[in-house]
2 protein chains.
Amino acid sequence: MRISLEQFDKAFENRVRLQIMSVLAVNSAYDFNALKDLLQLTDGNLASHLKALEKEQYISITKSFIGRKPNTQYAITQKGKDAFKKHLQALENLIKQQK
Amino acid sequence: MRISLEQFDKAFENRVRLQIMSVLAVNSAYDFNALKDLLQLTDGNLASHLKALEKEQYISITKSFIGRKPNTQYAITQKGKDAFKKHLQALENLIKQQK
DNA sequence: GAAAGTACTTTGTAATTCAAAGTTGAAAAA
DNA sequence: TTTTTCAACTTTGAATTACAAAGTACTTTC
């Protein structure tokens, strides 16, 4: 017997990125500072994880101003949704085997 | 709101170790070559992942001979069971939020 | 004009991952 | 009895990843 490790998405192996995707999957958009607060990360670290997800085209970035303050919103893309769903399915299968 | 990233176990972040734990959770024991075959890894790579899990005391190692050949068996410990269960619970919660 | 806030980027260091090569000890083959 | 083989590692080295901290650019508020 063999197990394919490729059912799991490398981009979601890190728990910060897993959580970011989880948040963006259930919220139509989320901004930088709210994510930073939610996940308790330094801004540099958060920015680099977001960049990694953007590089995979799993999230999109929209910059604007709210009042006079700059605001960056992150949203999941269709590609991101598909990939995340597939990853969760793989995790679910693994969990199911345990029961 | 805040999310604790610590609900996820660092030792299980890597998908090789996640799969090893999954196999050992449902099999009372598994040997080196069977794991190697199952996961399609080089022996060095597998040995290092097993060592990482042993270091956490999540698995135990039993060396013996089968016929005249050396055989190393790996088994999950109680500590490993508890940690793995907790990790799966965290994953399950994350999945549940998506539905 | 100084300080503060947003959202980065850069820098530097430490940790992680992996393949490949080397090692050990016992057994089988020559 | 020397050699080869096999199991199960350990070591090495290189690439990648993760993270904090510091630096940057632009703007606004004091």
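Given the structure is predicted, the values throughout are model-derived calculations rather than measurements. Residue numbers start from 1 in every chain, and the chains themselves are labelled A, B, ... in the order their sequence lines are given, proteins ahead of strands.
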### Close aromatic pair by centroid cut-off 6.0 Å: A:Phe84 and A:Tyr58
no

At less than 4.0 Å, is any side-chain N or O atom of [X] found next to OP1 or OP2 of [N]? Yes or no.
X	N	value
B:Tyr74	D:dC9	yes
B:Thr42	C:dC18	no
A:Asn33	C:dA7	yes
B:Lys10	C:dT16	no
B:His49	C:dC18	yes
B:Lys36	D:dA8	no

Checking contacts here: which listed nucleotide ([options]) is nearest the side-chain heavy atoms of [X]?
X	options	result
B:Asn45	C:dC8, D:dA8, C:dA19	C:dA19
A:Val16	C:dT6, D:dC19, C:dC8	D:dC19
B:Lys51	C:dT6, C:dA26, D:dT10	D:dT10
A:Ala47	C:dT9, D:dA8, C:dA7	C:dT9
A:Asn14	D:dC19, C:dA7, C:dT9	D:dC19

### Task
Just call it for B:Arg17: base, sugar-phosphate, or nothing, with non-hydrogen atoms closer than 4.0 Å on any strand.
sugar-phosphate

### Task
Please work out which of the three classes, parallel, tilted or perpendicular, describes the rings of A:Tyr74 and A:Phe32, given edges at 30° and 60°.
tilted

## Note on the structure
In whole angstroms, the gap separating P of C:dG25 from CZ of B:Phe32 amounts to 18 Å

### Query
Just how far, in rounded Å, is P of C:dA26 from NZ of B:Lys63?
12 Å

### Summary
Residue pair A:Lys69/A:Ser48 against DNA chain C: nearer the 5' end by closest nucleotide is A:Lys69

### Message
So does B:Arg17 get a backbone contact from the side chain of B:Asn14, meaning a donor-acceptor N/O pair under 3.5 Å?
### Response
yes

### Query
Between B:Leu53, B:Ile76, B:Leu41, which is the residue that forms a side-chain contact (heavy atoms from CB on, under 4.5 Å) with B:Ile20?
B:Leu53

